[in-house]
Novice: 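Right, I'll just put the structure down here and ask away after.
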Amino acid sequence: MTKRELPKKYNHLELEKKWAQNWKETDVYAYNPDVARENTFVVDTPPPTVSGSLHMGHVFSYTQTDCIVRYQRMKGKNIFYPMGWDDNGLPTERRVQNLWGVKCDPTVAYDSSWTGERKEKVVKPRDQQPIGRKNFIELCQKQTKEDEIKYENLWRNLGLSIDWNQQYETINSHSQKMSQFSFLDLVSKNKVYSTEAPTMWDVTYQTAVAQAEVEDRARTGHFYDIRFGVEDGSEFLISTTRPELLAACIAVVAHPDDERYQKFFGKKAITPLFNVEVPILAAEHADPEKGTGILMVCTFGDVHDVEWWKQSDLPLKQVLGLDGKMLPVTFGEGVFESKNSSAANAAYSKIDGLFINKAKSTMVEMLSEDGSCVLGKGAALVGEPRPTQQAVKYYEKGDRPLEFVPTRQWFIKILDHREELLAQGAKVNWTPAHMKSKFDQWVKGINQDWCISRQRYFGVPFPVWYGVDENGMPIYDKPLFADISDLPVDPMQETPKGFEEASRNQPGGFTGDPNVMDTWATSSVTPQISSHWGIDEARHKKLFPADLRPQAHEIIRTWAFYTIAKSYFHEGSVPWYNAGISGWVVTPDRSKLSKSKGNSKGSPEDLLVDFSADALRYWATKAKLGVDTIYDEGVFKVGKRLCTKLFNVSKFVMMQLEDEDTPEYSHSDISNMLDLAMIKELKELVDRSNKNFEQFDFAAVLLETESLFWNFCDHYVELVKNRSYKQKNTQGGKSALATLDICLGTFLRLFAPFISFVTEEVWSWRQDEKDSTIHKASFPNASEFKEIDLGPVSDELVIAKEVLGGIRGEKTKAQKSLKWPVKAVKVKGEAQKIEVLKKVLEDLTAAGNVSENGFSFVSEKIEGESNFELDITLSESDS
RNA sequence: GGGCUGUUAGCUCAGUUGGUAGAGCGCUACCCUUACAAGGUAGAUGUCACAAGUUCGAGUCUUGUACAGCCCACCA
């Protein structure tokens, strides 16, 4: 045996830097396109939003995925583990606006010499410099590229075994092509339509949003009781929270069974201030218990108004603009009839052009003025406004309530396919299983088709143009779709077939669809982006469907659902066989860890320095899939301690295995009962570990491996020291050496998916070839132990541990060091247990420093849980 | 209001098909022992949220309750 120089101390910074560099240079994690599908494990990696920095929540979930991937790689699988960057969409636009002090103005021409500069502070929207659409998009790309490099460095330093050759950005040309291809495929399958209809609209960002991006927020609103006249001269009270929409009132409704209002049905009501006649009708959605039981229908106050309006023949009275301000309206013209136009126009002029909130307060003032009621008897507003708790819909990234505004949008038909999509969800193996119910519940609750168009700039354009009629109006019902061979296409830059660019926006010419796709319309095809669907069929077949989709649970309703929907529509397939849903990182008070809330602790970059990548990996893989975990630096410390221990014990074992006087040894030398007992424990652990990993339960593997490993260090290594060190050349010595070798090699490989750096370091000590990595070594398998006869093994390990613990305890109690000699140990216990004990007596005598023939035995049944009663006598002196 | 999850030692969490409650951290005392003081040894600590049921036996199964977290719905 040759003795080699081993590093003296565990230095995580040096060691991790070395291996991160090595993995990069040797490209060990590269996907091999020549391997068959069944021997490949494909991951549909979540592309993180590129928005400045990654936080511990990312570290947590990506490490869990990496752990699963590393296991699969060690099982011999060819791994496809790509990385995407979600850099398209609103978050990037907002970030660029803030950092660079600019805003996109499509009317400004492109300036190729424009560079701009990053601002120190966030620039208020009104002070932002307007730049052209192309300049804005270029700036977005520049900004995201910078962040993506930063992200890649973090992932490499954390040890994610990503194949960096398989990188993509959701805004790049390939992703645009796939998104547009997906769109056109759905067009050809009649799953897409565009329509002008009231849709949820964010007035701040001035874009449509989809149901999945909407959240309810509790808000205190006020009921205002307003007197309405009736054509026969009587009157009634309605309660409304939205008096500013009075001018958009198209009807008044009450429940058909509500006796109070039976007498009014079929008659006309007259609105205050505007003197507009509207029908009084029965509607099922009116709740007699709420307010006064009779309410006004406006275009549009809420989703009920939209629904009811659609099935009525009543006109649409649009008073709210896309920017959230009241539109100019003239009473006496078009749909805005009035019995007193001049009074109506005078009233409306006071709210014209105001923002919603201001219009509301102005309207309330007007309604409380004397004579505001059409009946001419006092004010229309009765009593004081009554506060009420309401749940109001907001865009999840917005801070003003959503409005329903009629606009033209593209939709994907999902409403008609709920049952089929539920069935698709059921074909996926969800871990943990209960996450499927989040999917099911969402699908069952869908009440709108998927709106995929956004009125933004940094996104994938629709490959669509429209002809323009002689009046200059786009002909929306005959869209001109791009040819698949021309993708990706930007209809604002490129010309459709059969047209000249000069005829853009001209009567008789064409116009481009100015919208971009929702970011989910792109990320819902991440499996296809990676597989090059439609471009490289051979590759697609090898990578689709994927094996694993890792993701967080709050985006089951978006990312998981949309991905399942698209794969189903495109190819009738599930996108992946397994969905592994990670939990959240939470603070000790259980709130979600996030930077925006200001409760994130150290940055991942700092923690890598302070604790080590392996310590962070330990923390992340200690938690099961789906279970929230507390940000706890205490756990990082424990992880780091495990790495230190592994480093040191490996060094110690290696020293004995590779000493100059170490003899040859092999599996067949393992004959000592203690050694066999240790091997048996190890074999059972290996068995369970494989089973747990197959079910994505990496946390259980770590827990059990860690537990047996500490047992190995604290008890087994101590017990066999004498044989492996001083009696190398005896049968017992060889048996111990062979066992130590097996244990070390097995523990390293069991730990490799978790603490990947330190295991690689130690593994390199054991290998003669420089390039053999532990991460491509085979994961331990029970068959490795098949040559070793474990039949006669009993509970030697437990018994040895108990007696050694007893001896140690006696010394501790006497405040003596652990090497203090022991004169005598009287053991009382069952004969059968004593027989087992006698098999490990030699090791115990040496490890406990018990004098020769110091053990004596009394065969007798004893009380209590332990196997023996020990009567230990220490020597008087240590000489 | 509907759905899902959780409640085990001071803290963070394990607990496989029901069979005498487990680990780490923290705490106390001690120890330089052939790798490891960034270490080791030993010790104390629990009406398993509550109630009822099934069972010879329940942390584990059933039902109900309370509390916590998340998702969805409620928008006049």
Side-chain angles (χ1 to χ4, degrees), chain A residues 6 8-10 12 215-219 221 223 238-242 245 252-253 283 285-287 290-298 301-305 308 388-393 401-402 432 434-438 440-442 444-445 447 553-554 556-557 583-584 586 588 590-592 622-624 626-630 632 634-635 637-638 640-656 688 691-692 697 699-700 703-704 706-707 710 713-714 717-718 721-722 724-726 804-820 847 849 865:
Chain A
L6 298 179
K8 202 161 171 55
K9 283 227 166 200
Y10 171 62
H12 72 269
E215 63 186 28
D216 289 352
R217 295 186 200 159
R219 227 174 56 142
F223 272 126
I238 61 124
S239 277
T240 181
T241 56
R242 303 212 56 183
L245 294 179
V252 168
V253 297
H285 75 268
D287 180 356
K290 265 192 179 169
T292 54
I294 187 162
L295 61 133
M296 62 175 188
V297 177
C298 304
D302 63 29
V303 67
H304 293 301
D305 288 351
W308 192 84
T388 173
Q389 273 307 116
Q390 19 174 214
V392 181
K393 284 192 194 304
L402 292 173
H434 67 81
M435 290 297 178
K436 179 176 174 289
S437 60
K438 287 189 194 252
D440 290 348
Q441 206 199 343
W442 173 255
K444 285 174 189 159
N447 55 36
H553 53 78
E554 79 274 19
I556 288 174
R557 69 176 187 169
W584 282 347
V586 294
R590 304 275 162 185
S591 59
K592 189 185 173 188
K622 198 81 173 144
K624 285 196 207 184
V627 176
D628 293 350
T629 225
I630 293 197
D632 185 356
V635 179
K637 283 184 192 159
V638 175
K640 196 174 172 185
R641 210 165 55 109
L642 172 67
C643 294
T644 307
K645 191 70 179 179
L646 182 62
F647 184 95
N648 285 319
V649 82
S650 301
K651 207 168 72 171
F652 182 57
V653 170
M654 291 297 290
M655 274 164 52
Q656 311 195 30
R688 287 195 304 273
K691 281 180 189 139
N692 283 324
D697 194 356
L703 185 78
E704 293 189 353
E706 199 186 359
S707 162
W710 282 103
C713 295
D714 296 344
V717 171
E718 292 294 329
K721 259 180 189 177
N722 186 56
S724 64
Y725 194 76
K726 288 184 182 157
L804 183 63
I807 294 170
R808 284 167 171 174
E810 203 60 34
K811 293 178 183 178
T812 301
K813 246 182 267 168
Q815 306 198 351
K816 303 293 187 208
S817 81
L818 292 180
K819 67 172 181 185
W820 193 271
N849 197 13
E865 285 175 30

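FYI, side chains are in, hydrogens and waters are out, and symmetry mates aren't considered; it's all heavy atoms of this structure. Residue numbering restarts at 1 for every chain, and letters A, B, ... go by the order of the sequence lines.
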Novice: At under 4.0 Å, does any side-chain N or O of A:His304 touch on OP1 or OP2 of B:rC75?
Specialist: yes
Novice: Rounded to whole Å, please give me the gap between CH2 in A:Trp442 and C1' in B:rC71.
Specialist: 10 Å
Novice: Heavy-atom count around A:Lys637 NZ within 6.0 Å, excluding the residue itself: above 12?
Specialist: no
Novice: Quick one: the side chain of A:Lys645 and the base of B:rC36, do they pair up donor-acceptor inside 3.5 Å?
Specialist: yes
Novice: In chain order, what residues pass the side chain to side chain contact (heavy atoms under 4.5 Å, CB included) check against A:Lys436, with sequence neighbours excluded?
Specialist: A:Ala426, A:Trp430, A:Asp440
Novice: Between B:rU47 and B:rC30, how far apart are the two P atoms, rounded to whole Å?
Specialist: 30 Å
Novice: Test of understanding: with side-chain hydrogen bond (donor to acceptor under 3.5 Å, both in side chains), list the residues that count as partners of A:Gln815, not counting sequence neighbours.
Specialist: none
Novice: Calculate the interatomic distance between A:Arg217 atom CZ and B:rC74 atom P; express it in whole Å.
Specialist: 16 Å
Novice: Could you list the residues that satisfy side-chain hydrogen bond (donor to acceptor under 3.5 Å, both in side chains) with A:Gln390, not counting sequence neighbours?
Specialist: none
Novice: Counting just side-chain N and O atoms, does A:Lys444 come under 4.0 Å of either OP1 or OP2 of B:rG3?
Specialist: no
Novice: Can you sort out the partners of A:Ile807 under side chain to side chain contact (heavy atoms under 4.5 Å, CB included), two or more places apart, ordered by chain and number?
Specialist: A:Val803, A:Lys811, A:Val822, A:Val825, A:Val850, A:Phe855, A:Ile872
Novice: Nearest whole angstrom, please: distance from the C1' of B:rC4 to the CH2 of A:Trp584.
Specialist: 13 Å
Novice: Sugar-phosphate means primed atoms, P, OP1 and OP2; the rest is base. With that split, encode nucleotides 29-34 of chain B 5' to 3' as B, S or - using protein heavy atoms under 4.0 Å.
Specialist: -SS-BB
Novice: Protein-nucleotides 14-19 of chain B N/O pairs closer than 3.5 Å?
Specialist:
{"residue": "B:rG15", "atom": "OP1", "partner": "A:Lys624", "partner atom": "NZ", "Å": "3.3"}

Novice: Given atom NZ of A:Lys651 and atom P of B:rG39, what is their separation to the nearest angstrom?
Specialist: 14 Å
Novice: Determine the Euclidean distance between corresponding P atoms of B:rC48 and B:rU20; express it in Å to zero decimal places.
Specialist: 15 Å
Novice: Distance between the P atoms of B:rU62 and B:rU55, in whole angstroms?
Specialist: 16 Å
Novice: Using nucleotides 6-8 of chain B, report all nitrogen or oxygen pairs with the protein that are shorter than 3.5 Å.
Specialist:
none

Novice: For the pair made of CG in A:Asp305 and P in B:rC75, what is the distance, rounded to whole Å?
Specialist: 11 Å
Novice: Please name all residues satisfying side chain to side chain contact (heavy atoms under 4.5 Å, CB included) with A:Lys624, sequence neighbours left out, ordered by chain then number.
Specialist: A:Val627, A:Asp697, A:Ala699
Novice: Taking side chain to side chain contact (heavy atoms under 4.5 Å, CB included) as the test, write out the residues that go with A:Val635, two or more places apart.
Specialist: A:Tyr618, A:Trp619, A:Asp632
Novice: Using atom CG of A:Asp440 as one end and atom P of B:rC4 as the other, report the distance to the nearest whole Å.
Specialist: 11 Å
Novice: When Watson-Crick pairs (N1 to N3 and N6-O4 or O6-N4) and G-U wobble pairs (N1-O2 and O6-N3) count only below 3.5 Å on both distances, what is the dot-bracket string of RNA chain B, with | for other-strand pairs?
Specialist: ((((((((.[[[[.)...(..]]]].(((((.......))))).....[[[[[..)....]]]]])))))))....
Novice: With sequence neighbours left out, write down each residue that passes side-chain hydrogen bond (donor to acceptor under 3.5 Å, both in side chains) with A:Glu215, or none if nothing qualifies.
Specialist: A:Arg217
Novice: Without decimals, in angstroms, what is the distance between A:Lys438 NZ and B:rA73 P?
Specialist: 13 Å
Novice: Applying side-chain hydrogen bond (donor to acceptor under 3.5 Å, both in side chains), name anything that partners A:Lys393, two or more places apart in sequence or on another chain.
Specialist: none
Novice: Any idea which heavy atoms bring A:Lys640 and A:Tyr10 closest together, and the distance?
Specialist: O-CE2, 4.4 Å
